[in-house]
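To keep things clear, I will list the structure first and then write my remarks on it.
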Amino acid sequence: MKVTYIAHSGFLVETKVCYFIFDYYKGELPTLDKTKPVLVFCSHSHQDHYNPQIFSLLREQGMEQVTAVLANDISKSKYPSGDVECIRVRHDEMYELPGKTKLRTLLSTDAGVAFLVTCPQGTIYHAGDLNDWVWEGEPEQENRQMTGSYRHEIQKLQHCTIDVAFVPLDPRQGKYYAEGMLYFLKTVEVRAVYPMHYWKMPEIIDTFLAEYPQYRNTIIMNHEK
C-alpha cells in the first residue's frame, strides 16, 4: 500500500486494485490511475473532515468508478451529484464494499464513526474524530467518562492486526495530547501509525517521539500542507 498525506486528517491510500481517500477537506490530489475504482470515506460532517469538493476533483481527473462511504450524520443535501454511489454507514456495523473490501465501523467519541477497512492488501484504520478528548479545565467526571468511552471503542480492535493507522495527535489538548495515541499503541497490534489532526503543528510529532522514543519505528512523520 502506498500512503499519501493530503492535509489535516486527509489521506490517500493506493493498493494494487483501488484507491481509498479518507476525510478530505482541502489539498491537492496526485494524478490517479483512471482504471482503478476510488472509495471516498468521510467519517463525519465537520467541515475539516468532509468537503464535497473531493468529488469534483475526482471528476476533473476523469475517475469513473467512485463510491462515497459517508457517515450517517452527513446531510443528504451535501451528497455528491451524478453517478457517484453513496453508502450511508452507522457505527458498529459491517459493510461489503467494491474491490473486495470489507468495512467495520466504530462509534466516534465526537461525531460520526471510525473506519476499519480490510482489503486483499491489508487492513487500514482511520479514526476520524475517535480520540480520548480530555481537556484541561473540564470537569474531572466528564474527562473520566470520555476516557472510558474511548477505551471501550479501541478495545474492539484488540484482536486485529492493522497495517496502517491514522490516529489524532492534537496539540490543543495540552498535557493530555498523547493520551489517545498512547492507549491505541498499547492496545492494538499495528505496523505503521500516521499522526493526524494536529492543526498545522507537526512539531507535536517530534514532541511525542522525544517523550516516547520506543515508538520511533511505528510512527510515520507527516508534513502539514
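Basis for what follows: all heavy atoms, side chains included, without hydrogens, waters or symmetry-related copies.
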*Would M146 and L106 show up in the same hydrophobic cluster when neighbours are defined by side-chain heavy atoms closer than 4.5 Å?*
no

*For V113 and H91, work out which heavy atoms get closest and say how close.*
CG1-N, 3.7 Å

*Decide yes or no on side chain to side chain contact (heavy atoms under 4.5 Å, CB included) for D206 and M221, but give the supporting numbers first.*
CA-CA 9 Å; D206 295 314; M221 299 290 288; 3.3 Å; yes

_4.5 Å side-chain heavy-atom contact, Y24 and L12_ = no

_For G180, is there any backbone N or O sitting under 3.5 Å from a side-chain donor or acceptor partner on Y177?_
no

*Is the backbone of L107 close enough, under 3.5 Å, to the side chain of E153 for a donor and an acceptor to pair up by distance?*
yes

*asked:* If you define the side chain from C-beta out and look only at heavy atoms, does anything of I21 sit under 4.5 Å from L58?
replied: yes

*Take Y95 and E93 through the side chain to side chain contact (heavy atoms under 4.5 Å, CB included) test and state the conclusion after the steps.*
CA-CA 7 Å; Y95 301 87; E93 293 187 354; 2.4 Å; yes

*May I ask you to check whether F22 and F41 place their ring centers less than 6.0 Å from one another?*
yes

*Do V164 and V17 belong together in a cluster built from hydrophobic side chains that touch within less than 4.5 Å?*
no

*Given side chain to side chain contact (heavy atoms under 4.5 Å, CB included), test M181 with I219 step by step and report yes or no.*
CA-CA 10 Å; M181 177 68 79; I219 298 294; 4.3 Å; yes

_Between I162 and L116, is the side chain to side chain contact (heavy atoms under 4.5 Å, CB included) condition met? List the steps._
CA-CA 9 Å; I162 297 175; L116 184 69; 4.0 Å; yes

_Which atom of D73 lies closest to which atom of A111, heavy atoms considered_ = OD2-CB, 4.1 Å

Mind listing the side-chain donor-acceptor pairs of residues 77-85 below 3.5 Å, one per line with the distance, residues two or more places apart or on another chain?
{"from": "S77", "atom 1": "OG", "to": "S75", "atom 2": "OG", "distance (Å)": "2.7"}
{"from": "Y79", "atom 1": "OH", "to": "R88", "atom 2": "NH1", "distance (Å)": "2.7"}

*asked:* Tell me if a side-chain donor or acceptor on H126 pairs with a main-chain N or O of S9 at a distance below 3.5 Å.
replied: yes

*State the OH-CD distance between Y176 and E138, to the nearest 0.5 angstrom.*
10.5 Å

_Taking F115 as the starting point, is it possible to reach Y25 by hopping between hydrophobic residues whose side chains are less than 4.5 Å apart?_
no

*Hydrophobic cluster membership, Y5 vs L169, 4.5 Å side-chain cutoff*: yes

_What's the separation between atom CG in N131 and atom OG1 in T109, rounded to the nearest 0.5 Å?_
6.0 Å

*Between Y215 and F208, how do the two ring planes meet: parallel, tilted or perpendicular, split at 30° and 60°?*
parallel

_Treating S56 as the side-chain partner and P52 as the backbone partner, does any N or O pair qualify as donor plus acceptor under 3.5 Å?_
no

*Has the side chain of N143 got a donor or acceptor atom that lies under 3.5 Å from a matching backbone atom of W135?*
yes

_Sidechain-backbone polar pair: T187 side chain, Q155 backbone, donor-acceptor under 3.5 Å_ = no

_Rounded distance [0.5 Å steps], CG in D23 versus OH in Y50_ = 11.0 Å

*asked:* If I compare all heavy atoms of S108 with all of L130, which pair ends up nearest, and what's the gap?
replied: OG-N, 3.5 Å

*Flag the pair R59 / V66 as yes when at least one side-chain heavy-atom distance between them is below 4.5 Å, and no otherwise.*
no

*asked:* Do W199 and H8 make a side-chain contact, defined as non-hydrogen atoms from C-beta onward lying under 4.5 Å apart?
replied: yes

*asked:* Please give me the minimum heavy-atom distance between E136 and K175, naming the atom from each residue.
replied: OE2-N, 3.2 Å

*Nearest-0.5 Å distance, CG of residue L57 to CD of residue Q53*: 4.5 Å

_Single-linkage hydrophobic cluster, 4.5 Å side-chain cutoff, V134 and F184 together_ = no

_Residues, nucleotides or ligands: over 12 heavy atoms within 6.0 Å of R90 CZ_ = no

*Is it true that a side-chain atom of K26 and a backbone atom of G10 form a donor plus acceptor pair closer than 3.5 Å?*
no

*Does a sphere of radius 6.0 Å around CD in Q47 hold more than 12 heavy atoms from other residues, nucleotides or ligands, not counting ones at 6.0 Å or beyond?*
no

*asked:* Nearest 0.5 Å, please: how far is NE2 in H49 from CG in D129?
replied: 3.5 Å

*Report yes if some heavy atom in the side chain of C160 is under 4.5 Å from a heavy atom in the side chain of T123; otherwise report no.*
no

_With a 3.5 Å distance limit and no angle check, can you tell me whether T147 reaches the backbone of R144 through a side-chain donor-acceptor pair?_
no

*Do the side chains of L182 and Y212 get nearer than 4.5 Å, heavy atoms only?*
yes

*Counting N and O atoms only, with roles assigned by atom type, does the side chain of Y19 sit under 3.5 Å from a partner on the main chain of D33, one being a donor and the other an acceptor?*
yes

*Do other residues, nucleotides or ligands put more than 12 heavy atoms under 6.0 Å from Q158 CD?*
yes

*Of all heavy-atom pairs between T35 and Q65, which one has the smallest distance, and what is that distance?*
O-NE2, 3.5 Å

*Does Q61 use its side chain to pair, donor to acceptor, with the backbone of P30 at less than 3.5 Å?*
yes

*Find out whether K156 and R104 are in side-chain contact, i.e. whether some heavy atom of one side chain is under 4.5 Å from a heavy atom of the other.*
yes

*Donor + acceptor pair across side chains of H44, D110 (<3.5 Å)*: no

*Spacing of L157 atom CG and Y125 atom OH [to the nearest 0.5 Å]*: 6.0 Å

*Close side-chain approach of E14 and L32, heavy atoms under 4.5 Å*: no

_Taking every non-hydrogen atom, the tightest pair across G128 and S43_ = CA-OG, 3.4 Å

